[in-house]
Engineer: 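Handing you this structure, nothing more for now.
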Amino acid sequence: MEKNILSYETVALDDENSALVIIDQTKLPGKTEILNLHTGEEIWNAIYLLQVRGAPAIGVAAAMGIYLLAKKMPTDSFASFYEEFKKQKDYLNSSRPTAVNLSWALNRMEQKVLSLKELPVAEIVGGLKKEAELMKEEDIAVCKQIGENGLTLVNPGDGILTHCNAGQLATCKYGTATAPIYLGQERGYHFRVFADETRPLLQGARLTAYELQSAGVDVTLICDNMSATVMKKGWVNAVFVGCDRVAANGDTANKIGTSVVATVAKRYGVPVYICAPTSTIDLNTPTGDDIVIEERPAHEVTDMWYKEPMGPKGVKVFNPAFDVTDHELIAGIITENGIAYEPYTESLPKMVNRRNQK
Ligand code: MRU
């Protein structure tokens, strides 16, 4: 097969050179630039600047990152190692607030440290490497299963709309919202996909349209304000989107604009499915009101991607990176352990418990 963007790994570990290897997603689709990150600051910046982004990919990047940092931590005693580990963990965790996968992955790495605390530090570090690699493998399997489960909800030839990028570039493979699309593609389903461009950072245009087109999927790029038009025309049978944090009641934080799509979809009777690895379900957060929404700098709205500023100098800008889709607007939450339906306070714990029992 010809090399394309899907031939690259979103997140990889180069242990020999102690590097976290990512594609700089801010340069796509024009340029495929690979970054080798070594320091905590480099990893923090890459997450903050969205060079690596998407909830599952951020989680795996942080897990590999903390392992690489652990390689350089004090080895004289567990206490001094653990103190430094917690410092670096908190630092990486501060890079972005909304996607729960970041803290989920870092907490899992901390649990690994604690479970090995009686062993020499070198062995604890070895355990962290295995755990980070396992998370990557698990992410691939989880996405594939989300794809299988999602595929049961659609039919060959269907129109599918997606927002932002919950694709391979946001995970280790397959994506979440794109997983049913990729599996359908392999099985001759001939889906017609509509990708919202996703202002202000254009993940839909730059990443989703790019990766789906590279895979030979029938993808049409639309501006964010066109979803009502394609739905009213009857071109969309289902909406598949990803998520950054699903609260216990099913309220879901995802890329800004998702709740607009869901509101419009309700009007036109199109079901909205959230594609959610159980690692993105946060049962400790009761409702969407309790989710911290990241706000990002003004220049992303006024200047980024434009040749000259597209807003008056000094204008007030509100730039939340995510919004919350109320659970009433969601037809189902597709996890690797099955599809959760209302009431989510009952169905989501079942999905999460199935993960814990594995
Ligand atoms: O700001 P981003 O690009 O990290 O936002 C990404 C999203 O909102 C995705 O839909 C979400 O993380 C799920 S990725 C499988």
Side-chain angles (χ1 to χ4, degrees), residues 10-11 22-26 28 46-62 95-105 136 138-140 142-147 150 161-182 195-212 224 239-246 252-262 272-282 291-297 300-301 304 319-325 330 333-336:
T10 307
V11 186
I22 59 165
I23 310 164
D24 181 351
Q25 298 197 25
T26 62
L28 295 174
I47 296 174
Y48 176 72
L49 294 172
L50 275 58
Q51 289 171 320
V52 58
R53 31 69 50 208
I58 294 173
V60 175
S95 53
R96 294 191 80 187
T98 305
V100 70
N101 303 61
L102 183 58
S103 55
W104 176 86
K136 181 173 172 176
E138 283 176 8
D139 182 53
I140 296 171
V142 160
C143 287
K144 189 155 191 224
Q145 194 53 49
I146 288 175
L161 186 139
T162 190
H163 188 78
C164 191
N165 174 264
Q168 170 153 320
L169 288 163
T171 64
C172 296
K173 206 175 169 171
Y174 300 109
T176 57
T178 55
I181 298 168
Y182 285 129
D196 277 357
E197 66 174 351
T198 317
R199 286 275 298 149
L201 293 176
L202 304 178
Q203 290 93 332
R206 296 186 304 104
L207 309 176
T208 303
Y210 183 43
E211 61 164 271
L212 291 179
D224 292 347
V239 171
F240 284 153
V241 287
C243 51
D244 288 82
R245 194 181 294 247
V246 180
T252 294
N254 190 47
K255 179 53 54 195
I256 189 74
T258 304
S259 73
V260 180
V261 172
V272 173
Y273 297 108
I274 305 294
C275 298
T278 51
S279 54
T280 316
I281 298 170
D282 181 6
I291 299 176
V292 176
I293 299 292
E294 174 184 9
E295 286 191 30
R296 297 191 57 91
E300 290 181 349
V301 174
M304 219 170 166
N319 184 16
F322 303 96
D323 62 19
V324 173
T325 299
I330 296 169
I333 300 179
I334 308 168
T335 79
E336 71 275 22

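Order of listing sets the numbers, starting from 1, for every ligand and every atom in it.
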Engineer: Quick one: which ligand 1 atoms are inside 4.0 Å of a heavy atom on Ala170?
Structural biologist: 14 (S), 15 (C)
Engineer: For atom 11 (C) of ligand 1, what is the nearest protein heavy atom, given as residue, atom name and distance?
Structural biologist: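 Result for atom 11 (C) of ligand 1: Asp244 OD1, 3.2 Å.
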Engineer: I'd like to check which ligand 1 atoms, numbered from 1 as shown, lie under 4.0 Å from a non-hydrogen atom of Ala166.
Structural biologist: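 Heavy-atom distances to Ala166 below 4.0 Å select 14 (S), 15 (C).
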Engineer: Specify side chain, backbone, both or neither for Thr258, according to which of its non-hydrogen atoms lie closer than 4.0 Å to ligand 1.
Structural biologist: neither
Engineer: Counting only heavy atoms closer than 4.0 Å, does ligand 1 sit against the backbone of Ala55, its side chain, both, or neither?
Structural biologist: both
Engineer: Is it the side chain, the backbone, both or neither of Lys255 that has a heavy atom closer than 4.0 Å to ligand 1?
Structural biologist: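 Both backbone and side chain.
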Engineer: If the cut-off is 4.0 Å to any non-hydrogen atom of Thr176, which atoms of ligand 1 fall inside it?
Structural biologist: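 Reading through ligand 1 atom by atom, the close ones are 15 (C).
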Engineer: Is Ala99 close enough to touch ligand 1? Criterion: a residue heavy atom under 4.0 Å from a ligand atom.
Structural biologist: no
Engineer: Going by the atom numbers of ligand 1, which of them fall below 4.0 Å from some non-hydrogen atom of Pro56?
Structural biologist: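 In order of numbering, the contacting atoms are 14 (S), 15 (C).
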Engineer: Donor-acceptor check, side chain of Thr208 to backbone of Cys164, threshold 3.5 angstrom: yes or no?
Structural biologist: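 Flag set: sc Thr208 to bb Cys164 pair under 3.5 Å.
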Engineer: Between the side chains of Asn165 and Arg53, does any donor sit under 3.5 Å from an acceptor?
Structural biologist: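 Present: a donor and an acceptor within the cut-off.
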Engineer: Go through the steps to decide whether Ile58 and Asn101 satisfy the test side-chain contact (heavy atoms from CB on, under 4.5 Å), and finish with yes or no.
Structural biologist: CA-CA 7 Å; Ile58 294 173; Asn101 303 61; 5.8 Å; no
Engineer: So, using side-chain hydrogen bond (donor to acceptor under 3.5 Å, both in side chains) as the criterion, who are the partners of Arg296 when residues are at least two apart?
Structural biologist: Glu294, Glu300
Engineer: Return the closest protein heavy atom for atom 10 (O) of ligand 1 as residue, atom name and distance.
Structural biologist: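 Of the protein heavy atoms, Asn254 OD1, 2.6 Å lies nearest.
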Engineer: Please report the C-alpha distance between Ile334 and Cys275 in whole Å, then the side-chain angles of each, then the deciding distance to 0.1 Å, and finally whether the side-chain contact (heavy atoms from CB on, under 4.5 Å) criterion is met.
Structural biologist: CA-CA 5 Å; Ile334 308 168; Cys275 298; 4.1 Å; yes
Engineer: With rounding to the nearest 0.5 angstrom, report the OG to CG distance, Ser279 to Leu102.
Structural biologist: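 Here the interatomic distance stands at 11.5 Å.
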Engineer: Using side-chain hydrogen bond (donor to acceptor under 3.5 Å, both in side chains) as the criterion, list what pairs up with Arg245, not counting sequence neighbours.
Structural biologist: Asp282
Engineer: Please write down residue, atom name and distance for the protein heavy atom closest to atom 4 (O) of ligand 1.
Structural biologist: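 Closest protein heavy atom to atom 4 (O) of ligand 1: Arg96 NH1, 2.8 Å.
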Engineer: Within the 3.5 Å criterion, strictly below it, is a donor on Asp244 or Thr98 matched to an acceptor on the partner's side chain?
Structural biologist: no
Engineer: Output the list of atoms in ligand 1 that are nearer than 4.0 Å to some heavy atom of Cys164, sorted by atom number.
Structural biologist: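 Per the distance check, 5 (O), 6 (C), 7 (C), 8 (O).
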Engineer: Between the side chains of Thr26 and Asp24, is a donor N or O closer than 3.5 angstrom to an acceptor N or O?
Structural biologist: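 Result is yes, a qualifying pair exists.
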Engineer: Under 4.0 Å from any heavy atom of Gln203, which atoms of ligand 1 are there?
Structural biologist: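 It comes down to these atoms of ligand 1: 1 (O), 2 (P), 3 (O).
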Engineer: Measure the shortest side-chain to side-chain distance between Asp323 and Thr258 over non-hydrogen atoms and say whether it is less than 4.5 angstrom.
Structural biologist: yes
Engineer: Which atoms of ligand 1 are found less than 4.0 Å from any heavy atom of Cys243?
Structural biologist: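 Those atoms are 11 (C), 12 (O), 13 (C).
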Engineer: Measure the distances from the heavy atoms of Gly175 to every atom of ligand 1 and state whether one is below 4.0 angstrom.
Structural biologist: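 No; Gly175 lies far enough from ligand 1 that no heavy-atom distance drops under 4.0 Å.
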Engineer: Hey, does Gly54 come in under 3.5 Å of ligand 1, counting only N/O atoms on both sides?
Structural biologist: yes
Engineer: Start with the C-alpha gap between Gln168 and Thr178, add the side-chain angles, then the distance that decides, and say whether side-chain contact (heavy atoms from CB on, under 4.5 Å) holds.
Structural biologist: CA-CA 8 Å; Gln168 170 153 320; Thr178 55; 5.7 Å; no
Engineer: Is there a donor in the side chain of Glu336 and an acceptor in the side chain of Thr278, or the other way round, less than 3.5 Å apart?
Structural biologist: yes
Engineer: In terms of atom number and element, which parts of ligand 1 are under 4.0 angstrom from non-hydrogen atoms of Phe322?
Structural biologist: 1 (O), 5 (O), 8 (O)
Engineer: Is the closest heavy-atom distance from Val241 to ligand 1 below 4.0 Å?
Structural biologist: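 Flag not set, Val241 not near ligand 1.
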Engineer: Would Asn254 and Thr325 count as a side-chain contact (heavy atoms from CB on, under 4.5 Å) here? Give the steps.
Structural biologist: CA-CA 8 Å; Asn254 190 47; Thr325 299; 5.8 Å; no
Engineer: Judging by distance only, is a nitrogen or oxygen of Thr171 under 3.5 angstrom from one on ligand 1?
Structural biologist: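 So ligand 1 has no N or O lying under 3.5 Å from an N or O of Thr171.
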Engineer: For ligand 1, indicate whether the residue Ala321 contacts it via side chain, backbone, both or neither (heavy-atom separation under 4.0 Å).
Structural biologist: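 Looking at Ala321 and ligand 1, no heavy atom falls under 4.0 Å.
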Engineer: Starting from atom 6 (C) of ligand 1, what is the nearest protein heavy atom, named by residue and atom, and what distance separates them?
Structural biologist: Arg53 NH2, 3.5 Å
